[in-house]
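For the single chain, residues carry numbers from 1 onward in sequence order.
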Amino acid sequence: MASAANAAAQVEARTLETLNTDNLSLRALPVDPVEGGPVRQVEGACFSRVKPTPVNNPRLVVASPEALALLDIPASEVSRPDFAEFFSGNKLLPGADPAAHCYCGHQFGYFSGQLGDGATMYLTEVVNSRGERWELQFKGAGKTPYSRQADGRKVLRSSLREFLCSEAMYNLGIPTTRAGTCVTSDSKVVRDIKYDGNAILERATIITRIAPTFLRFGSFEVFKPTDNFTGRRGPSAGREAALLPVMLHHVIRTYYPAIWAAHDGDAIAAGVGVGPDGAGEPWPPRSGGPEREAALQAMYLDWLKEVTRRTASLVAAWQCVGWCHGVLNTDNMSIAGVTIDYGPFGFLDRYDPDYICNGSDDSGRYDYKGQPDICRWNCERLAESVRAVLPEGRGKRAVAEVFDAVYRKTYVSLMRRKLGLVGAGAATDAEEGEGAGEAEGGAEGATLLSEAAVEDEALAAALLSVMEATGADFTNTFRCLSRFPTPAAGADPSSPAVVEAGGVLDYLLTQCCDAATLVAAAAPHIPPQNLQMLTMLSQKNPELLHQMGVSQQMLATEMARLRRSQELAKVTDAEKRAADEAKWRSWLAEYGAALQRRAAAGAEDSRRVAVMNATNPRFILRNWIAQQAIEQAERGDFSEVARVFALLRNPFSEAPVSDIIASAATSTRGGAVTDEAAAASGSGTGAAVVAPAPAGPAAAGAAAASGVSCALPVYDGLPPTWAAELCVT
């Protein structure tokens with residue numbers, strides 16, 4: 001107890017000048033001998049030293065006290081007058097050594113050659129009082145050798161989206177990079193938001209990101225030889241024998257220490273790979289013979305399996321919370337298995353497996369339903385990228401063995417918790433307890449599901465099918481199901497008394513969209529007249545169709561959407577509501593029967609409700625909520641940012657919205673955050689109230705009229721009609 005108190009006191013005594021910095025990555029990995037300089041191909045290096053470009057009049061928009069605490073930065077430091085100077089790049093933190101990372105990537109399925117940190121830069125690594133190593137990074141701090149034609153800046157809208165979503169995902173329990181601060185300025189940059197030639201000036205804004213590492217799959221693609229399709233190559237192609245072992249050993253030793261220790265990495269890897277100081281020998285190792293090479297390959301294989309396991313587990317968590325990344329290129333996949341690079345992401349409103357959150361994704365490659373397949377494909381590209389030291393076939397077989405089994409087991413485990421299908425025994429608890437935050441190891445042995453788990457998997461699939469057919473809200477549907485009472489022993493689960501219990505059925509019907517919304521959602525992305533022309537072209541000149549970027553599969557999908565929308569257009573709202581009610585009655589009867597069987601086996605209903613309410617969030621960062629906060633912030637009012645942040649820090653809370661915001665306002669943990677929160681709640685000098693926002697279609701009224709126990713305030717209600725017009729690219 002005394003040592004813990006002493007550690008806490010030491011952290012509180014820390015200042016920005018006394019952080020325990022240790023720039024291990026810059027010592028362990030090769031650094032470009034040229035500092036800064038023009039945009040260029042960087043060969044034989046993982047980093048290029050750079051300097052942040054200063055901004056005018058930087059000021060703090062929001063800070064995350066929990067994220068900053070990872071660096072041992074106490075909340076009191078946020079209030080110091082020069083805090084924004086340090087976190088805009090105008091001043092450098094003592095010990096910082098800014099550098100931009102060189103990496104490549106497959107973008108939308110095609111190898112793009114060198115990419116790199118065009119708008120981000122490594123600042124330093126901090127080893128905190130708990131012995132944890134965290135990398136601190138700027139995003140939006142100016143040009144680097146990898147900026148290509150861009151200016152290296154980010155603006156307030158994109159920066160706020162990343163800040164809020166990073167912290168939202170953390171509080172949802174999903175592995176993620178963290179956001180420490182968001183600092184805006186009076187420096188302006190030109191942006192063409194809709195790519196229509198109407199450029200505007202926006203405020204240059206910088207966020208600080210925190211993660212164990214920002215190395216990614218694309219970090220290893222710098223060794224890729226010339227791609228047969230794009231003709232591009234990695235800048236360090238031909239140097240893999242010398243450099244690839246150095247990168248792998250740094251990554252495994254630092255971020256996968258259990259694997260390093262299990263394989264006695266210090267012994268078997270010594271002297272393999274040519275380090276930054278020129279010491280060592282290229283692959284394959286000359287000493288130790290085939291046995292040493294085999295031992296190293298076994299370590300690399302276990303590492304690849306663990307990266308695959310973490311990735312599969314991560315994407316399962318995304319699917320279960322209804323989150324879509326938007327740009328799942330290999331350069332946006334973390335080597336540590338955390339969510340990285342928040343761009344045109346989106347949470348589902350209405351459940352739609354074809355949801356595309358990125359307005360630039362014309363082919364729908366990165367739609368919601370396809371995320372698991374894309375992540376597996378990316379893991380295969382990682383296996384390819386290390387083939388110089390691990391045979392490609394062996395690596396890809398490992399990906400195939402691990403990914404699908406881990407994904408399915410994690411997904412089903414999370415879905416069972418979302419539905420409250422939890423058992424009464426320790427064995428069942430162990431089966432249900434695996435999720436996105438599993439510890440290192442255990443990549444195999446996840447192949448089989450119990451018979452009960454398979455049944456629950458089918459029940460979850462049936463729920464999603466009903467949600468899709470009725471256009472039900474993803475988040476609100478799951479959240480409300482905890483109010484559905486477990487039927488009494490001997491009761492008929494399909495009886496009206498059971499199905500209508502708690503008013504949940506009535507509430508669910510308020511969460512379903514109207515017929516016109518389903519018609520619009522089902523419409524093809526290609527206009528019907530163009531679709532007919534392309535269909536004719538596919539028969540007469542399929543090669544030309546391919547050159548236009550349209551595949552036969554894409555064409556077939558679009559034609560199916562056209563037929564679906566035409567069928568839905570014949571359905572009236574009254575007909576849809578009757579069909580919706582029948583579908584929900586049928587599924588609730590199945591669900592009631594499942595709960596009834598669990599209760600007969602000894603499961604406690606109170607535990608079911610607690611598990612569901614701790615798994616299904618009440619608050620998520622819907623696009624419309626982010627947009628309202630952004631629009632107010634762009635006018636200089638950060639109070640809505642504070643309100644939204646307060647809710648996202650408490651995504652499962654049942655407390656009234658006003659109480660959550662007031663609690664954030666009176667907290668002593670948030671520095672500048674609490675100043676804004678105080679204004680937002682009216683408890684400070686700002687004397688503001690929670691800004692009104694459009695409510696869902698009579699959800700609260702309908703709920704009150706029917707006695708539903710899950711009536712929802714605005715931030716957890718249905719999105720306003722204008723939200724459908726939002727487009728993020």
- Message: Determine whether a donor-acceptor pair (N or O, by modelled atom type, separation under 3.5 Å) exists between the side chain of Asp192 and the backbone of Gly197.
- Response: yes

- Can the ring centres of Phe163 and Phe645 be said to be less than 6.0 Å apart? yes

- Query: Quick check: are there more than 12 heavy atoms from other residues, nucleotides or ligands sitting under 6.0 Å from CZ of Phe108?
  - Reply: yes

- Sidechain-backbone polar pair: Asp637 side chain, Gln632 backbone, donor-acceptor under 3.5 Å: no

- Less than 4.0 Å between a side-chain N and a carboxylate O, is that true for Arg216 and Asp331? no

- Query: Going by distance alone, is a donor N or O of one side chain under 3.5 Å from an acceptor N or O of the other, for Tyr170 and Thr177?
  - Reply: no

- Query: So, Glu202 and Lys188, do they make that salt bridge, N to O below 4.0 Å?
  - Reply: no

- Item | CA sep, side-chain torsions, deciding dist, call: His325, Phe345, ring-ring contact (aromatic ring centres under 6.0 Å, His included) | CA-CA 5 Å; His325 185 285; Phe345 65 82; 8.7 Å; no

- Can a donor-acceptor pair be found between the side chains of Gln627 and Glu631 at a distance below 3.5 Å? yes

- Under 3.5 Å, side chain of Arg310 to main-chain N/O of Ala336, donor-acceptor pair present? yes

- Determine whether the side chains of Thr181 and Thr208 contain a donor N or O and an acceptor N or O closer than 3.5 Å. yes

- Item | Glu167 with Arg178: basic N within carboxylate O range, under 4.0 Å | yes

- Message: Is it the case that the side chain of Ser64 and the backbone of Ala67 share a donor-acceptor pair, with hydrogens and angles ignored and the cut-off at 3.5 Å?
- Response: yes

- Strictly under 6.0 Å, is that where the ring centroids of Tyr342 and Trp323 end up? yes

- Salt bridge or not for Glu162 and Arg209, using N-O below 4.0 Å? yes

- Query: Is it true that the side chains of Glu135 and Ser25 contain a donor and an acceptor less than 3.5 Å apart?
  - Reply: no

- Look at Glu221 together with Lys224 and state whether they make a salt bridge at an N to O cut-off of under 4.0 Å. no

- Message: Let's go through Asn128 and Arg133 carefully: what are the C-alpha distance in whole Å and the side-chain angles of both, what is the deciding distance for side chain to side chain donor-acceptor pair (under 3.5 Å) to 0.1 Å, and is it a yes or a no?
- Response: CA-CA 7 Å; Asn128 67 19; Arg133 177 177 296 275; over 6 Å; no

- Classify the side-chain pair Tyr355/Asp349 by whether it contains a donor and acceptor separated by less than 3.5 Å. no

- Near-ring test Phe47/Tyr122, centroid separation under 6.0 angstrom: yes

- Message: Testing the basics here: between Thr311 and Phe217, what is the closest heavy-atom pair and its distance to 0.1 Å?
- Response: OG1-CZ, 3.8 Å

- Message: Looking at Thr53 and Gly142, would you say the former's side chain and the latter's main chain have a donor-acceptor pair under 3.5 Å?
- Response: no

- Contact summary for Gln114 and Val42, nearest pair of heavy atoms: OE1-N, 2.9 Å

- Task: Without swapping roles, check the side chain of Ser158 against the backbone of Lys154 for a donor-acceptor pair under 3.5 Å.
- Result: no

